[in-house]
Amino acid sequence: MLTLQALRHDRDAIQSALAKRGLDAAPLLDRILDLDLQRRTTQKEVDDLKAQQNAASREIGDLFKSGQKAEAEARRAEVGELKERIHELDEQQKALIQQQEAALLELPNRPHDSVPSGQSDADNEVVDEEGTKPELGADAKPHWELADQYRLIDFEAGVKISGAGFPVYRGKGAKLQRALIQFFLDRADAAGYEEFIPPHLVNSDSGRGTGQLPDKEGQMYHCADDDLYLIPTAEVPLTNLFRGDLLKADDLPIQLCGYTPCFRREAGSYGKDVRGLNRLHQFDKVEIVRFEKPENSYAALDGMVEHVKGLLRDLELPFRTLRLCGGDLGFTSCLTYDLEVWSAAQGRWLEVSSVSNFETYQSNRLHCRFKNGEGKPELVHTLNGSALALPRIVAALLENHQTADGIHIPAALQRYTGFDRIA
RNA sequence: GGAGAGAUGGCAGAGUGGUCGAUUGCGGCGGUCUUGAAAACCGCUGUACCGCAAGGUACCGGGGGUUCGAAUCCCUCUCUCUCCGCCA
């Protein structure tokens, strides 16, 4: 969430930045600042009363020690009244803080200056486009047909054992998954990201830390008996590794990566979006995460985008980069680049990566800080990106690289698959 | 699942009702010494909120209670550790 300090100092700028999301934040901002004023007023009052009580307690202690019992008893009665009033004000202040927290949670992150305003994904800005879209014949097949033809993925078996959105990979289809994961991890490692294998179930504190809770409660699978959530992305456990920590300036930047399965309920999805591998309840992803000093975070963001582009180039997939508009920008993000690959047989772009800078929005909830040059604790900037999510990559690989005599495996991937063609 | 022990500042670890926001060590910062460094010695070194400031308030796992006064006593929750049981 945004910091109160930012809201106090930059209210108007924040309001106009949030307008790019199509959000009229004025009422909420007014409410938060009003609650803030009330809280400060109450605190001043209660602090003064507590100061009186503390002073009285010290005196009473001294009186008892010097044997002035009567005097001490008299003072005790006085303090009784103070206590009542203090308790009352404490409760008031607690309520104010609670309301303020709730209001702050409703407020999304402030979009970066470069974020275009817009309503939906139609208004996203295409930053660049790279690679050549293949010319496929009229008999080109979508990936779900190819997956069936070459016996790579059994969607029906998945339906039987779990339900829709839980594909079963088999044979070369399974090997391709494993090859991609290994390829992505090796590339992340080469780029300086330390590999982690985190838990796949997390507690609610972790969900709150990265902003999935309370905002996207319904999107995560929840194990009610143990109050644990299946991770929707490795971002959650990886970022929460440093929840509550005070880092040294020398520790930064921190670069992590990890492969995990990801679980998403995807309530409300339908139609062509869910066909084949386009949208799943369980899928595999390699995630990269960075903790940065504020002055470095946007350079780091560019570096992450470049890293992802390198992967797509080596997979010989045509792709484009989008700068998300305010309306499409995630709740917790300041600036997000989406990378999309061209799905030749479906004739559409598929999102395969989302790279974001959250600035201090997550670290404020996480209480993750570092000691800056002056030795003062300061919130770190957090960033993350998919590098990469597998299903749509597989879809694009199958569709784009289909030939009359099978599916060609990109050269960079062959040492991982152990085969150069699926036939 | 059963029994017991514990949770204190960046880390380690004292503190069992009253100047305790907290002894000490390590780490960090500054200084003396040195050509430089190490060692030694000296000093400083938690966070948040309110306040122009002086200063005030809160925080010893979370929540509640007793008391004029709680790190310290009571209740409760969470977590960690040890032992036993079960088990990949």
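Chain identifiers are assigned alphabetically (A, B, ...) following the order of the sequence lines, protein sequences preceding nucleic acid strands; residue numbering begins at 1 within each chain. All values below come from the heavy atoms of this structure, side chains included, with hydrogens, waters and symmetry mates left out.
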Checklist line | With A:Arg170 via salt bridge (Lys or Arg N to Asp or Glu O under 4.0 Å) - residues at least two apart | finding: none

Note to self: Do A:Phe196 and A:Leu238 make a side-chain contact, defined as non-hydrogen atoms from C-beta onward lying under 4.5 Å apart?
What the structure shows: yes

Margin query: Looking at A:Arg85 and A:Glu45, is any side-chain nitrogen of the basic one under 4.0 Å from a carboxylate oxygen of the acidic one?
Written below: yes

Next item on the list: Take the protein atom CG of A:Leu89 and the nucleotide atom C1' of B:rC49, then report the distance between them rounded to whole Å.
Entry: 16 Å

Margin query: Check this for me: does any side-chain nitrogen of one of A:Asp34 and A:Arg31 sit under 4.0 Å from a carboxylate oxygen of the other?
Written below: no

Next item on the list: May I have the distance from A:Lys376 (atom NZ) to B:rA48 (atom C1'), rounded to whole angstrom?
Entry: 12 Å

Check: Within this structure, what is the CG-to-P distance between A:Asp251 and B:rG27, rounded to whole angstrom?
Finding: 17 Å

Next item on the list: Sticking with atom C1', work out how far B:rG65 lies from B:rG17, rounded to a whole angstrom.
Entry: 15 Å

Next item on the list: Quick one, give me the B/S/- string for nucleotides 57-69 of chain B, reading 5' to 3', where B means a protein heavy atom under 4.0 Å from the base and S means that only happens at the primed atoms, P, OP1 or OP2.
Entry: SS-----S---BS

Checklist line | Separation between the P atoms of B:rG63 and B:rC68, rounded to whole Å | finding: 23 Å

Item checked: Distance between P atoms of B:rC50 and B:rA40 (Å, rounded) -> 43 Å

Item checked: C1' spacing across the pair B:rC49 / B:rG1, given as an integer number of angstrom -> 45 Å

Note to self: Determine whether a donor-acceptor pair (N or O, by modelled atom type, separation under 3.5 Å) exists between the side chain of A:Asn240 and the backbone of A:Val236.
What the structure shows: yes

Notebook entry, point to check: So what does A:Glu81 hit on the nucleic acid, given a heavy-atom distance under 4.0 Å: a base, only sugar-phosphate, or nothing?
Noted result: nothing

Item checked: Nearest-Å distance once atom C1' is located in both B:rA22 and B:rU16 -> 14 Å

Next item on the list: For the pair A:Lys94 and A:Asp90, find out whether any cationic side-chain nitrogen is under 4.0 Å from an anionic carboxylate oxygen.
Entry: no

Checklist line | Span that lies between the P atom of B:rU72 and that of B:rG6, in whole angstrom | finding: 15 Å

Checklist line | Phosphate contact (B:rC50 OP1 or OP2) by A:Arg8 side-chain N/O below 4.0 Å | finding: yes

Margin query: Just the rounded figure in Å: distance from C1' of B:rC49 to CD of A:Gln5.
Written below: 10 Å

Note to self: Test: side chain to side chain donor-acceptor pair (under 3.5 Å). Region: residues 176-185 of chain A. Which pairs qualify, not counting sequence neighbours?
What the structure shows: A:Gln177-A:Asp284, A:Gln182-A:Asp186

Next item on the list: For B:rG51, take OP1 and OP2 only and decide whether either is under 4.0 Å from a side-chain N or O of A:Arg40.
Entry: yes

Next item on the list: Write down the distance between CD (A:Glu378) and P (B:rA48), rounded to a whole number of angstrom.
Entry: 11 Å

Next item on the list: Starting from P on B:rC77, measure out to CG on A:Asp227 and report it in whole angstrom.
Entry: 17 Å

Next item on the list: Could you tell me the separation between the CD1 atom of A:Ile86 and the P atom of B:rG56, rounded to a whole number of Å?
Entry: 16 Å

Next item on the list: Between B:rG9 and B:rA5, how far apart are the C1' atoms? Round to whole Å, please.
Entry: 23 Å

Margin query: Show me, range against range, the stems involving RNA chain B, built from at least 3 consecutive Watson-Crick or G-U pairs below 3.5 Å.
Written below: B:1-7 with B:78-84, B:10-12 with B:24-26, B:27-32 with B:40-45, B:46-50 with B:55-59, B:61-65 with B:73-77

Item checked: side chain to side chain donor-acceptor pair (under 3.5 Å): pairs with one or both residues in residues 306-315 of chain A, sequence neighbours excluded -> A:Asp128-A:Lys309, A:Glu130-A:Arg313, A:Arg187-A:Asp314

Check: Can you name the residues that form a side chain to side chain donor-acceptor pair (under 3.5 Å) with A:Gln362, not counting sequence neighbours?
Finding: A:Glu235, A:Thr382

Margin query: What I want to find out is whether A:Lys44 reaches A:Asp48 closely enough, with some N-O distance under 4.0 Å, to be called a salt bridge.
Written below: yes

Checklist line | Separation between the P atoms of B:rG15 and B:rC73, rounded to whole Å | finding: 12 Å

Next item on the list: Find the distance A:Lys248:NZ to B:rC29:P and express it as a whole number of Å.
Entry: 10 Å

